[in-house]
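To keep things clear, I will list the structure first and then write my remarks on it.
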Amino acid sequence: MTVSYQLPLKTSNPSKTFPRENSHSANLSKTNSHLEIDRLFICTDRGKEAISMLRQLGLYCPSTVVESKSQGTRSQIFFFQNIYVAIIWLGEEDPQLDTAIDFKKRVNWQESLASPFGVGLSRKSNIPESIESEYPVDDWVVNNYIAYSQQNQKSSLEPLIFTLPDRLKYSNILNQDSPQNQRYINHLLGVKNITNIRITVQTGKRRDSNIISWARYSQLLEIERADKPLLELTFDNGMQGGIFDARPVLPVVFRY
């Protein structure tokens with residue numbers, strides 16, 4: 001199926017390279033990009049257990065399970081004021097896959113060594129569509145209305161980074177001013193915004209894909225290397241002083 005898609009920003013210099021190492025923290029309020037993080041996904045083989053655990057922590061999650069037959073996945077979503085987080089696991093039936101994203105490999109990350117994380121980007125609301133960007137990607141694949149780099153998609157050790165058209169932006173699909181929707185973002189834990197994101201990828205002798213290097217250079221993501229993948233999410237700059245380690249159910253540490 002062919003889908004027309006317009007990238008959030010034009011590519012001005014797809015061959016540009018960026019420093020491999022970046023010591024800046026990924027404070028989401030201080031990025032130097034025209035794009036912003038819109039959503040995250042976390043793949044797991046313990047989906048129902050993960051949802052139950054996060055609810056017990058004090059995070060609200062609607063009971064709706066989103067089933068994607070084309071991806072062979074099921075998911076549930078936790079909404080925050082600036083970003084939403086989807087927990088993704090495999091469905092019970094063998095899927096008729098219509099996606100180049102290998103969710104089976106990412107869900108079974110402990111055996112496959114793939115990164116279980118995905119990062120969705122959208123254009124900042126105050127940025128005109130015609131503005132030029134130093135976005136270093138010229139190998140776009142479009143699937144189900146999202147676009148991602150072939151190089152990044154093939155590098156399964158990396159988190160998958162993808163872009164969304166404006167109409168699918170989080171701010172356009174959930175009206176937070178609606179009293180009915182307020183319950184989605186009011187959590188007993190008292191958290192509101194995700195302010196810092198750090199992703200640990202498994203060590204390996206490889207060069208980062210262009211889009212990963214760019215995301216680090218732009219301070220959208222802080223990426224470290226260690227023996228096992230890990231996602232560290234900080235809410236509201238950690239003002240409550242709390243830490244919750246969701247391992248081994250999820251490879252995630254929450255700071256709030």
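One-based numbering along the sequence shown. The structure presented is a predicted model; accordingly, all values stated were derived computationally and were not measured.
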message = Let me confirm one number: the CD-CG distance from Glu49 to Leu54, rounded to the nearest 0.5 Å.
response = 10.5 Å
ask   = Looking at side-chain heavy atoms only, is the closest gap between Ile194 and Gln81 below 4.5 Å?
value = no
query = Is there a donor-acceptor pair under 3.5 Å between the side chain of Asn186 and the backbone N or O of Gln182?
reply = yes
inquiry  = Could you measure the distance from the CG atom of Leu231 to the CZ atom of Arg247? Nearest 0.5 Å is fine.
reply    = 11.0 Å
query = Is there a donor-acceptor contact under 3.5 Å from the side chain of Glu232 to the main chain of Asn196?
reply = no
message = Surrounding CG of Asn175 (heavy atoms of other residues, nucleotides or ligands, distance under 6.0 Å), is the total greater than 12?
response = yes
message = Test your reading of the model: is there a side-chain donor-acceptor pair from Ser218 to the backbone of Leu220, 3.5 Å cut-off?
response = no
message = Could you check whether any side-chain N or O of Ser155 sits under 3.5 Å from a backbone N or O of Glu158, counting only pairs where one atom can act as donor and the other as acceptor?
response = no
key: Single-linkage hydrophobic cluster, 4.5 Å side-chain cutoff, Leu157 and Trp109 together   = no
Residues which pass side-chain contact (heavy atoms from CB on, under 4.5 Å) with Glu111, listed by chain and number, not counting sequence neighbours = Asn108
request  = Flag the pair Glu36 / Lys124 as yes when at least one side-chain heavy-atom distance between them is below 4.5 Å, and no otherwise.
outcome  = yes
query = Does the Asn193 side chain pair with the main chain of Asp236, one donor and one acceptor, at a distance under 3.5 Å?
reply = no
For the student: nearest non-hydrogen atoms of Val141 and Gln150, plus distance = CG2-CG, 2.9 Å
key: Polar side-chain atom of Arg106 near backbone of Cys43 as donor-acceptor pair, under 3.5 Å   = no
ask   = Below 4.5 Å, heavy atoms only, C-beta onward: do Leu188 and Leu59 meet side chain to side chain?
value = no
From OH (Tyr256) to CZ (Phe235), nearest 0.5 Å = 10.5 Å
task = Go through the side-chain N and O atoms of Asp38 and Ser122 and say whether any donor and acceptor fall under 3.5 Å apart.
result = yes
message = To check you understand the geometry: which heavy-atom pair defines the closest contact between Arg123 and Lys169, and what is its length?
response = O-NZ, 2.8 Å
query = Okay, side chain of Thr234, backbone of Asn237: is any donor-acceptor separation there less than 3.5 Å?
reply = no
request  = Verify whether one side chain among Ser52 and Gln56 offers a donor that lies under 3.5 Å from an acceptor in the other.
outcome  = yes
query = Are Val252 and Ile42 close enough that some pair of their side-chain heavy atoms sits under 4.5 Å apart?
reply = yes
request  = Give the intermediate values and the outcome of side-chain contact (heavy atoms from CB on, under 4.5 Å) for residues Phe244 and Leu233.
outcome  = CA-CA 10 Å; Phe244 178 74; Leu233 296 179; over 6 Å; no
ask   = Hey, what else clusters with Tyr184 if you join Ile, Leu, Val, Met, Phe, Trp, Tyr whenever side-chain heavy atoms sit under 4.5 Å?
value = Tyr60, Ile77, Phe79, Tyr84, Tyr170, Ile173, Leu174, Ile185
note = Closest non-hydrogen atoms of Pro229 and Pro251, given as atom of the first, atom of the second and distance, are O-CB, 3.6 Å
task = Give, for atom OG of Ser209 and atom CD of Gln153, the distance between the pair rounded to the nearest 0.5 Å.
result = 11.0 Å
request  = Could you pull out the closest heavy-atom pair between Arg225 and Thr200, with the gap in Å?
outcome  = C-CG2, 4.0 Å
Distance, nearest 0.5 Å, that separates CD1 of Ile88 from OG1 of Thr44 = 11.0 Å
ask   = Residues in side-chain contact (heavy atoms from CB on, under 4.5 Å) with Val65, at least two apart?
value = Arg74, Gln76, Trp89
ask   = With a 6.0 Å cut-off on ring centres, are Phe41 and Phe117 close enough?
value = no
inquiry  = Can you list everything that forms a side-chain contact (heavy atoms from CB on, under 4.5 Å) with Val119? Sequence neighbours excluded, please.
reply    = Ile37, Leu40, Leu121, Ile161, Ile199, Leu221
task = Would you mind telling me which of Ile223, Leu113, Asp208 makes a side chain to side chain contact (heavy atoms under 4.5 Å, CB included) with Val201?
result = Ile223
query = If you group Ile, Leu, Val, Met, Phe, Trp and Tyr whenever their side-chain heavy atoms sit less than 4.5 Å apart, what else falls in with Leu230?
reply = Ile243, Val253
inquiry  = Side chains of Gln176 and Asn181: any donor to acceptor distance under 3.5 Å?
reply    = no
request  = Might you point out which heavy atoms bring Arg46 and Pro248 nearest each other, and give the distance in Å?
outcome  = NH1-O, 3.7 Å
inquiry  = Testing the basics here: between Gly118 and Phe162, what is the closest heavy-atom pair and its distance to 0.1 Å?
reply    = C-CE2, 4.3 Å
inquiry  = Nearest 0.5 Å, please: how far is CZ in Phe103 from OG in Ser75?
reply    = 8.5 Å
inquiry  = Just checking Phe78 against His187, ring centres under 6.0 Å apart?
reply    = no
query = Who pairs with Lys105 by side-chain contact (heavy atoms from CB on, under 4.5 Å), at least two apart in sequence or on another chain?
reply = Asp102, Ser112, Ala114, Ser156
